[in-house]
Amino acid sequence: MSENQGRTPLRYGQTGLRGKLARVLVEEPTDEIDWPADLTPGIETVVIIDDEPNPHHTLRVHPPDDPTRIALVVFDQLALCEDSSEA
């Protein structure tokens with residue numbers, strides 16, 4: 001995902017994330033034990049459910065068009081979208 005170069009990954013202590021759109025920075029997002037996240041292959045944008053990363057370094061996210069499909073993704077595999085035009 002070369003369009004993600006230069007994007008700043010989320011920080012572990014970052015707060016205020018709930019409801020924000022985030023760009024997926026890796027080809028295959030994973031959870032804290034490196035298992036593939038339950039997301040559609042090639043997904044580029046997700047909505048963050050949690051306000052901050054949990055002690056396991058993950059955030060619950062879902063695709064913008066499917067709030068029932070919740071996945072755990074390691075926080076540093078995501079970057080906040082600057083504005084809604086990135087979604």
Side-chain angles (χ1 to χ4, degrees):
M1 294 187 171
S2 59
E3 70 270 9
N4 291 325
Q5 289 181 330
R7 294 192 185 271
T8 303
L10 296 176
R11 298 180 321 277
Y12 177 68
Q14 198 162 348
T15 61
L17 301 173
R18 184 177 293 121
K20 304 252 184 189
L21 285 176
R23 178 70 68 181
V24 178
L25 300 175
V26 296
E27 287 292 321
E28 295 181 29
T30 60
D31 66 13
E32 75 274 9
I33 59 172
D34 212 27
W35 281 84
D38 184 24
L39 292 169
T40 305
I43 192 162
E44 295 180 356
T45 306
V46 293
V47 177
I48 300 172
I49 298 171
D50 298 315
D51 189 57
E52 62 186 308
N54 66 34
H56 299 287
H57 299 240
T58 59
L59 287 161
R60 290 177 304 151
V61 301
H62 66 76
D65 60 347
D66 188 358
T68 64
R69 187 171 193 160
I70 298 172
L72 287 170
V73 176
V74 177
F75 71 94
D76 63 358
Q77 296 176 8
L78 302 169
L80 288 180
C81 291
E82 297 298 319
D83 58 48
S84 59
S85 67
E86 292 186 48

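- Going from atom NZ of K20 over to atom CG of L10 covers 11.0 Å, rounded to the nearest 0.5 Å.
- Taking every heavy atom of both residues into account, A79 and T8 meet most closely at CB-O, 3.3 Å.
- Considering all non-hydrogen atoms of both residues, Y12 and F75 come closest at N-CE1, 3.3 Å.
- Between E32 and T58, the shortest heavy-atom contact is OE1-CG2, 3.2 Å.
- In this structure, CG in D66 is found 9.0 Å from CD1 in I43, a value given to the nearest 0.5 Å.
- Note that NE2 of H62 and CD1 of I48 are 10.0 Å apart. Values are rounded to the nearest 0.5 Å.
- Although no hydrogens or angles enter the test, the distance criterion places a donor-acceptor pair under 3.5 Å between the side chain of R18 and the main chain of I49.
- When the options D31, D38, T30, V61 are evaluated for a side chain to side chain contact (heavy atoms under 4.5 Å, CB included) with L72, the one that passes is D31.
- Heavy-atom contacts from other residues, nucleotides or ligands closer than 6.0 Å to CZ of R11 number 12 or fewer.
- Residues forming a salt bridge (charged side-chain N to carboxylate O under 4.0 Å, His left out) with D51 (at least two apart in sequence, or on another chain): none.
- Listed by chain and number, the residues in a side chain to side chain donor-acceptor pair (under 3.5 Å) with D76 amount to none (sequence neighbours excluded).
- The side-chain heavy atoms of L78 and V73, taken from C-beta on, include a pair separated by under 4.5 Å.
- Taking every heavy atom of both residues into account, E52 and Q14 meet most closely at CB-O, 3.2 Å.
- The two atoms that bring A22 and C81 nearest to each other are C-SG, 3.8 Å, heavy atoms only.
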Checklist entry - Which is it for L59 and V46 under the side chain to side chain contact (heavy atoms under 4.5 Å, CB included) test, yes or no, and what are the steps along the way? => result CA-CA 11 Å; L59 287 161; V46 293; over 6 Å; no
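- The two residues L17 and P53 have their closest heavy-atom pair at CD1-CD, 4.1 Å.
- Atom CD of E44 and atom CD of E27 lie 9.0 Å apart (nearest 0.5 Å).
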